[in-house]
Amino acid sequence: MSTDAPGQLFVISAPSGAGKTTLVKELVARRPDLRFSISYTTRPQRDGEVDGRDYFFVQSDDFARMIEAGDFLEHAEVFGNHYGTGKAQVNSLLYDGHDVLLEIDWQGAAQVRENLPECRSIFILPPSLAELERRLRGRSTDSEPVIQRRLGEAFGDLGHWQEFDYAVVNDSLTSAVAALTDILNGSGLAHATGQPGVRSQAEAILQRR
Ligand code: 5GP
């Protein structure tokens, strides 16, 4: 994949329950030039989800064929299902001059950073571990075993925040959207993971439960 496209690629990752989806929707609403990449997944479609809007829902053998054909910029297994970002879609958006947002897990983010080092990656942290658990439990669609598994995975995912260029705490929608907007505008230095303030805030969140 070429790296001289006029658009900028942003990658957002967060543990399940950190509120990432709401943030991403807000950002896309505020930045009409920003495009959200629609992922492919083998996960079953949930109520209210639309094929081609929320995801491209595909069968496992189709997904495997796409891997074989090199169609993915990145792909990963998350909660037992496969997810991937279509290379062609992202490439054409970037060449059209759009900034593009990928909302993917940390494994996929690591692959994108390797393939396209000029991307900017952002990790969303929950305000606390207790709040993360509360949000995960609040999802009526999930059964207790699913919640337990998601909690375990979410706490594990949090350990990857330092691999990202930026970290944003989703304590309030307004402040998190403001921080993300700064990052998208190229003025997000205060949120860089190397900043001592960001580091101590993240460490405090990860220690408290
Ligand atoms: P959900 O099934 O709840 O929509 O998403 C589950 C997880 O899969 C989330 O962490 C989400 O960020 C991640 N995910 C969604 N699309 C992709 C993708 O294209 N690639 C990767 N690596 N992860 C994805």
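Whatever order the structure lists them in is the order used to number ligands and atoms, beginning at 1.
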- request: Check whether any heavy atom of Q111 sits under 4.0 Å from an atom of ligand 1.
  value: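 No.
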message: I'd like to know whether ligand 1 has E103 as a neighbour, heavy-atom separation below 4.0 Å.
response: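 So E103 counts as touching ligand 1.
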Proximal ligand 1 atoms for [X], defined as those under 4.0 Å from one of its heavy atoms:
X	value
R46	1 (P), 2 (O), 3 (O)
R43	1 (P), 2 (O), 4 (O)
A76	22 (N)
G108	22 (N)
T85	19 (O)

For the 3.5 Å polar cut-off, considering only N or O atoms, please tell me whether [X] and ligand 1 meet it.
X	value
D105	yes
G84	yes
E49	no

Hey, are [Y] and [X] close enough side-chain-wise for a donor-acceptor pair under 3.5 Å?
X	Y	result
Q59	D61	no
Q89	R35	no
Q111	Q107	no
Q162	T193	no

message: Tell me every residue that passes side chain to side chain donor-acceptor pair (under 3.5 Å) with E26, counting only those two or more places apart in sequence or in another chain.
response: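 In terms of side chain to side chain donor-acceptor pair (under 3.5 Å), with neighbours along the sequence ignored, E26 is linked to R30.
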Options [options], ranked by nearest heavy atom to [atom], top entry:
atom	options	result
atom 20 (N) of ligand 1	H82, E77, E74	E74
atom 7 (C) of ligand 1	D157, V112, N81, V78	V78
atom 17 (C) of ligand 1	W106, Y55, Y83	Y83

query: For the residue pair Y40 and F57, is the inter-centroid distance of their aromatic rings smaller than 6.0 Å?
result: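 No, ring centres 6.0 Å or more apart.
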task: Spell out, as yes or no, whether a donor-acceptor pair under 3.5 Å connects the side chain of D171 to the backbone of P127.
output: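 No: the side chain of D171 does not pair with the backbone of P127.
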query: In the hydrophobic clustering that connects Ile, Leu, Val, Met, Phe, Trp and Tyr at side-chain heavy-atom distances below 4.5 Å, which members other than V177 occupy its cluster, ordered by chain and number?
result: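 F10, I12, L23, V24, L27, V28, L34, F36, L101, I122, I124, Y166, V168, L173, L180, I183, L184, which link up through side-chain heavy atoms under 4.5 Å apart, make up the rest of the cluster.
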